[in-house]
Every structure is written in C-alpha cells, then in structure tokens.
Amino acid sequence: MAMPWEEYFQLVLEEKLSTKIPEQNTDHVPPVLRLLEKRQELVDADQGLQAQKEVFEITKASLKQRWEQLEQKEQELKGSFIRFEKFLQDAEARRSRALRRAEEERHLAGRREAEALRLRAQLAELQRERARLQRGLQRLEPCARLLGQMLELLPEFQEVPELVARFDGLADMQAALRLTERQRLAELEEARARLQRLRNSWQDELLLQGQRRAHLLERLESARERTLHWESKWIQIQNTAAEKTLLLGRTRMAVLNMYQLVCQHQRQPPTLDIEDTEGQLEQVKLSILDLSAMLAGLRQAESTAPTS
C-alpha cells in the first residue's frame with residue numbers, strides 16, 4: 001500500500017533533524033546562537049523537503065502518465081484481441097459458406113448432367129417422332145391436295161378440318177339413315193307379310209292387326225323422335241367443329257406471332273410460308289433451345305467465377 005506524502009515528508013524531516021551537527025556544549029553557546037542554528041536547520045530541512053516534494057510530484061506524475069499509457073495499451077490489446085477473434089470467426093464462417101457452396105454446386109452439376117441426358121433422350125425421341133410424322137405427311141399429301149381442291153369448289157368451308165368434320169358427320173348420319181331404312185324396310189316387309197296373312201284370314205285377324213298397326217305407328221313416332229334427336233346432335237357436332245376450327249386458327253396465329261418475334265430477335269426476315277405452322281414451331285423450338293443453352297452457360301460461368 002502506498003504511503004501518504006505527508007507521512008513521507010514527516011519521516012524525512014525527522015531524519016534530517018536526527019543528522020544535524022552534534023550539539024556543542026550548551027554551557028558555552030549563547031541561546032541566541034542556538035536559536036539561529038535551529039532556524040537554519042529548519043530552513044535547510046524545509047528546502048530539502050521541498051526539493052524531495054518536487055521530485056516526488058514529478059515521479060508521481062511520471063508514474064501516473066506511465067500507468068495511463070499502460071491502461072491505454074491494455075485497451076488497445078483488448079481491442080486487437082477482439083478484432084482478431086472476430087476475424088477468426090468471419091474466416092471460419094466464410095470457409096463454411098464456401099464448403100457449402102461447393103457441395104451445392106457439385107449436387108447442381110450432377111442434376112444438370114442428369115437433366116441434360118434426359119433432354120438428349122427426349123430430343124432423340126422427338127426427332128424420331130418428327131421423322132415419322134413427316135413420312136405420314138408425305139403419304140397424305142395427295143389427300144391434302146384433293147381436300148384443297150374441294151375447298152375451292154365449296155366456298156362455304158374455310159378450313160380442311162371443317163370439311164373433314166362435315167364429311168364424317170354426313171357419313172355417320174348416312175350410315176344411321178341406311179340402318180333405319182333397312183329396319184323400316186324389314187318392318188314394311190313384315191307388315192306386308194302380315195297383311196297378306198290378314199287378307200287370307202281377314203275376319204279373324206282384323207282386330208289384332210289394328211293393334212299391331214298402332215304399335216308400329218308408335219315405333220315410327222319414336223323413330224322420328226330419335227331422328228330429331230340425332231339431327232340436334234349433328235347440329236351440336238357442327239357447332240363443336242366450328243369452335244375447334246376457331247381454336248385451330250387462333251393457335252396458328254399464336255405460332256405465327258411467336259415465329260415473327262423470333263425472327264425480330266434474330267434480326268432476320270421470315271423465310272417460311274405463313275401456312276407452314278410446323279416449320280414455324282420448329283424455328284421457335286430451336287430459338288428456345290439456343291436461349292436455354294446461353295442461360296445455362298451464363299449460370300455456369302457465374303458459379304465458376306471466383307468469389308471476392
């Protein structure tokens with residue numbers, strides 16, 4: 001524990017007084033001289049104490065300054081230690097993020113490779129299907145020309161599917177009518193045979209034939225109702241065919257718009273015929289595949305770029 005400076009000065013004064021000149025014989029020294037000696041000793045002691053006090057103050061100030069410097073250095077060392085700990089934590093976090101990112105990129109690369117293999121197989125299958133459809137289209141080309149000539153002769157039809165649907169409906173109706181006609185002819189032959197039998201036994205079978213005739217009339221009425229029903233069905237089929245034709249026209253228009261957008265993007269004039277819907281779809285598909293490949297390349301470049 002540090003000694004207070006008052007006690008320190010008191011001890012020094014006592015030491016000074018104890019080391020004074022040995023007293024002379026009091027019998028031979030006058031009191032005035034002894035008083036002067038005492039005053040001189042007090043002055044000397046006070047000057048020594050003052051000098052030591054100044055030295056003590058200087059030393060105390062130096063020690064205080066040194067202590068403040070040590071405390072400042074201690075705070076700086078603490079701050080440096082905290083910053084170093086934070087740096088280590090940040091480095092570990094960056095390392096963990098880099099490892100996770102590398103693992104995710106490896107998994108993503110595997111998935112992309114599997115997806116690429118699947119798309120290659122799908123593309124090969126689509127190419128085979130396209131070749132098969134082209135062969136079928138070549139076989140059906142004479143029929144298409146014939147249908148085109150029919151459209152020129154029948155202006156009430158605008159598209160080939162409409163003409164085909166109308167033909168299929170008429171064919172189905174004709175088959176149904178022929179079947180109904182055969183049934184009616186059979187019933188008529190049966191009625192004629194019964195009539196002949198009735199003529200042979202008219203008086204015995206007159207009442208029974210009248211009942212049968214009424215039954216046949218009911219069946220005829222039922223057949224007429226069925227005919228009306230099928231005619232309404234035919235009208236509904238015609239309306240559905242018209243809606244499908246309209247949907248086909250809108251689809252072709254949408255494909256044409258996409259093809260024109262692709263040509264504008266590629267800065268090339270349209271080279272395909274406006275009726276070549278399949279060719280337009282093929283050009284749109286190729287453009288989408290090119291854009292997908294470009295996007296995949298950009299993503300791969302971004303993933304392989306070094307992180308700052």
Side-chain angles (χ1 to χ4, degrees), residues 125-126 128-256 273-281:
E125 182 65 24
L126 290 174
R128 290 192 295 269
E129 181 67 17
R130 180 173 177 269
R132 186 183 65 80
L133 292 175
Q134 286 181 348
R135 291 193 297 269
L137 183 62
Q138 291 176 358
R139 289 195 302 270
L140 296 175
E141 185 65 26
C143 297
R145 288 196 297 269
L146 178 60
L147 290 174
Q149 294 174 0
M150 292 297 296
L151 283 177
E152 294 178 356
L153 297 175
L154 300 174
E156 64 269 17
F157 297 101
Q158 301 296 327
E159 298 292 339
V160 172
E162 184 180 357
L163 178 61
V164 172
R166 180 63 180 276
F167 177 78
D168 292 338
L170 291 176
D172 294 338
M173 181 175 289
Q174 184 180 12
L177 291 176
R178 285 179 178 176
L179 178 61
T180 304
E181 183 181 4
R182 286 195 297 269
Q183 293 175 353
R184 297 295 178 270
L185 289 175
E187 293 175 357
L188 181 59
E189 290 296 332
E190 184 181 357
R192 286 176 179 175
R194 287 198 301 269
L195 180 60
Q196 186 63 35
R197 289 193 300 270
L198 285 173
R199 286 176 180 176
N200 296 330
S201 58
W202 177 78
Q203 295 179 353
D204 298 333
E205 296 291 333
L206 181 60
L207 182 59
L208 179 62
Q209 292 301 325
Q211 295 175 353
R212 290 181 179 178
R213 181 176 177 277
H215 179 66
L216 289 175
L217 289 175
E218 291 178 357
R219 293 179 62 184
L220 179 60
E221 186 65 25
S222 177
R224 289 175 180 174
E225 291 179 356
R226 288 196 299 271
T227 302
L228 293 175
H229 173 71
W230 284 111
E231 287 178 353
S232 64
K233 285 289 185 181
W234 167 241
I235 294 173
Q236 183 178 0
I237 290 171
Q238 285 181 330
N239 294 332
T240 305
E243 293 177 358
K244 295 295 183 180
T245 302
L246 180 60
L247 178 61
L248 178 62
R250 290 177 178 175
T251 304
R252 294 180 63 184
M253 184 61 67
V255 172
L256 179 60
D273 186 45
I274 193 172
E275 299 294 334
D276 189 5
T277 305
E278 293 185 357
Q280 294 170 5
L281 280 174

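Everything numeric here is computed off the predicted structure, so don't read it as measured data.
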**Item:** Validation row: L228, E231 side chains within 4.5 angstrom (heavy atoms)
**Value:** yes

Under 3.5 Å, side-chain donor or acceptor atoms of residues 169-180 against the rest of the protein: list the pairs with distances, not counting sequence neighbours.
{"unit_1": "T180", "atom_1": "OG1", "unit_2": "A176", "atom_2": "O", "d": "2.9"}

**Request:** Just jot down the salt bridge (charged side-chain N to carboxylate O under 4.0 Å, His left out) partners of E189, sequence neighbours excluded, or say none.
**Result:** R192

**Request:** Would you please name every residue forming a salt bridge (charged side-chain N to carboxylate O under 4.0 Å, His left out) with E218, sequence neighbours left out?
**Result:** none

**Message:** Run the side chain to side chain contact (heavy atoms under 4.5 Å, CB included) test against Q134 and tell me which residues pass, sequence neighbours left out.
**Reply:** R130

**Request:** Check side chain to side chain contact (heavy atoms under 4.5 Å, CB included) between K244 and all other residues, then give those that pass, not counting sequence neighbours.
**Result:** T240

**Asked** For R182, which residues count as a side-chain hydrogen bond (donor to acceptor under 3.5 Å, both in side chains) partner, sequence neighbours excluded?
**Response** none

**Request:** Output all residues satisfying side chain to side chain contact (heavy atoms under 4.5 Å, CB included) with E243, sequence neighbours left out; order by chain, then residue number.
**Result:** none

**Message:** Tell me the closest heavy-atom pair linking Q280 and D273, and the distance in Å.
**Reply:** NE2-O, 3.1 Å

**Request:** Output all residues satisfying side-chain hydrogen bond (donor to acceptor under 3.5 Å, both in side chains) with E125, sequence neighbours left out; order by chain, then residue number.
**Result:** R128

**Request:** Would you give the length of the straight line joining atom CZ of R224 to atom CD of E221, rounded to the nearest 0.5 angstrom?
**Result:** 6.0 Å

**Request:** Tell me, please, which residues at least two apart from R184 pass salt bridge (charged side-chain N to carboxylate O under 4.0 Å, His left out).
**Result:** E187

**Asked** What's the spacing between R250 CZ and L248 CG if we round to 0.5 Å?
**Response** 11.5 Å

**Residues that E190 engages under side-chain hydrogen bond (donor to acceptor under 3.5 Å, both in side chains), provided they are two or more places apart** = R194

**Request:** Could you walk me through whether L216 and R219 pass side chain to side chain contact (heavy atoms under 4.5 Å, CB included), step by step?
**Result:** CA-CA 5 Å; L216 289 175; R219 293 179 62 184; 4.3 Å; yes

**Request:** Give, for atom CG of L188 and atom CD of Q183, the distance between the pair rounded to the nearest 0.5 Å.
**Result:** 13.5 Å

**Request:** Could you pull out all residues at least two apart from S222 that satisfy side-chain hydrogen bond (donor to acceptor under 3.5 Å, both in side chains)?
**Result:** R226

**Request:** Would you indicate whether W234, at its atom CH2, is surrounded by more than 12 heavy atoms from other residues, nucleotides or ligands within a distance under 6.0 Å?
**Result:** yes

**Asked** Between CG of L256 and CG of L281, what distance do you get to the nearest 0.5 Å?
**Response** 10.5 Å

**Item:** Partners passing salt bridge (charged side-chain N to carboxylate O under 4.0 Å, His left out) against E129 (at least two apart in sequence or in another chain)
**Value:** R132

